[in-house]
Engineer: 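Dumping the structure here so I can ask a few things about it.
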Amino acid sequence: MEPVTPKSAGDSLSGLRDVHLPPVPDGASLLPAVTAVVLVLILALAGAVLLARRRYGWAGEAERMLEGLAAAPPDVALAGAAGLLRRIALARIGPDAAKLGGDAWLEALDRLFGGDFFRHGAGNVFGGALYRADSAPDTSAKALAGLRRLLRRRRLKPW
């Protein structure tokens with residue numbers, strides 16, 4: 001066996017050729033790549049829409065419920081809004097919200113919505129005043145309008 005010398009190693013490589021890629025076929029297009037990119041963009045947009053609906057859909061539903069109550073008599077509208085508040089509180093606070101009443105209920109609503117609308121504003125009608133027969137109709141309208149403003153802020157999580 002003959003030892004390999006630098007001269008003989010160089011000679012053996014001189015017989016090799018470069019690797020060449022085959023030519024691109026005439027019918028090749030970018031359609032599969034473009035289709036994949038468009039599909040990914042559509043899926044991302046659909047995901048963003050679903051997240052937005054999940055986050056803000058409940059507030060729109062609550063606003064529609066309040067709009068439906070606007071045509072009702074004041075006592076019926078307040079009772080419906082109180083039921084809506086109870087649903088929101090049950091979803092957000094948990095089962096303990098069902099046990100609250102009076103000033104504790106108003107305080108829990110103020111913590112839930114942020115501010116003092118329920119303890120010191122027109123929303124105090126949702127406490128013990130809700131069950132009194134002598135509540136004024138203008139108090140009902142103010143309370144519903146204030147609740148509508150709070151819901152438009154959409155700070156709460158969905159139920």
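Side-chain atoms are counted along with the backbone in the values below, which use heavy atoms only and exclude waters and symmetry mates. The first residue in the sequence is number 1, and the count goes up from there.
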Engineer: Considering non-hydrogen atoms only, spot the tightest contact between A143 and F126 and give its length.
Structural biologist: CB-CE1, 3.9 Å
Engineer: Between D110 and F117, which heavy-atom pair has the shortest distance, and what is it?
Structural biologist: OD1-N, 3.2 Å
Engineer: Counting N and O atoms only, with roles assigned by atom type, does the side chain of R148 sit under 3.5 Å from a partner on the main chain of E67, one being a donor and the other an acceptor?
Structural biologist: no
Engineer: Rounded to the nearest 0.5 Å, how far apart are CZ of R111 and CG of L106?
Structural biologist: 11.0 Å
Engineer: Going from CG on L150 to CG on L85, what distance comes out if it is rounded to the nearest 0.5 angstrom?
Structural biologist: 9.0 Å
Engineer: Look at the side-chain heavy atoms of Ile, Leu, Val, Met, Phe, Trp and Tyr, link any pair under 4.5 Å apart, and say whether L31 and L39 land in one connected group.
Structural biologist: no
Engineer: Kindly check if the number of other-residue, nucleotide or ligand heavy atoms within 6.0 Å of CG (D103) is above 12?
Structural biologist: no
Engineer: Are F118 and L112 close enough that some pair of their side-chain heavy atoms sits under 4.5 Å apart?
Structural biologist: no
Engineer: Would you compute the distance between atom CG of D116 and atom CG of L109 and round it to the nearest 0.5 angstrom?
Structural biologist: 12.5 Å
Engineer: Hey, could you give me the CG/CG distance between L69 and L78, rounded to the nearest 0.5 Å?
Structural biologist: 9.0 Å
Engineer: Return the CG to CH2 distance between N124 and W105, rounded to the nearest 0.5 Å.
Structural biologist: 14.5 Å
Engineer: How many angstroms lie between CG in L100 and CG in L90, if you round to the nearest 0.5 Å?
Structural biologist: 9.5 Å
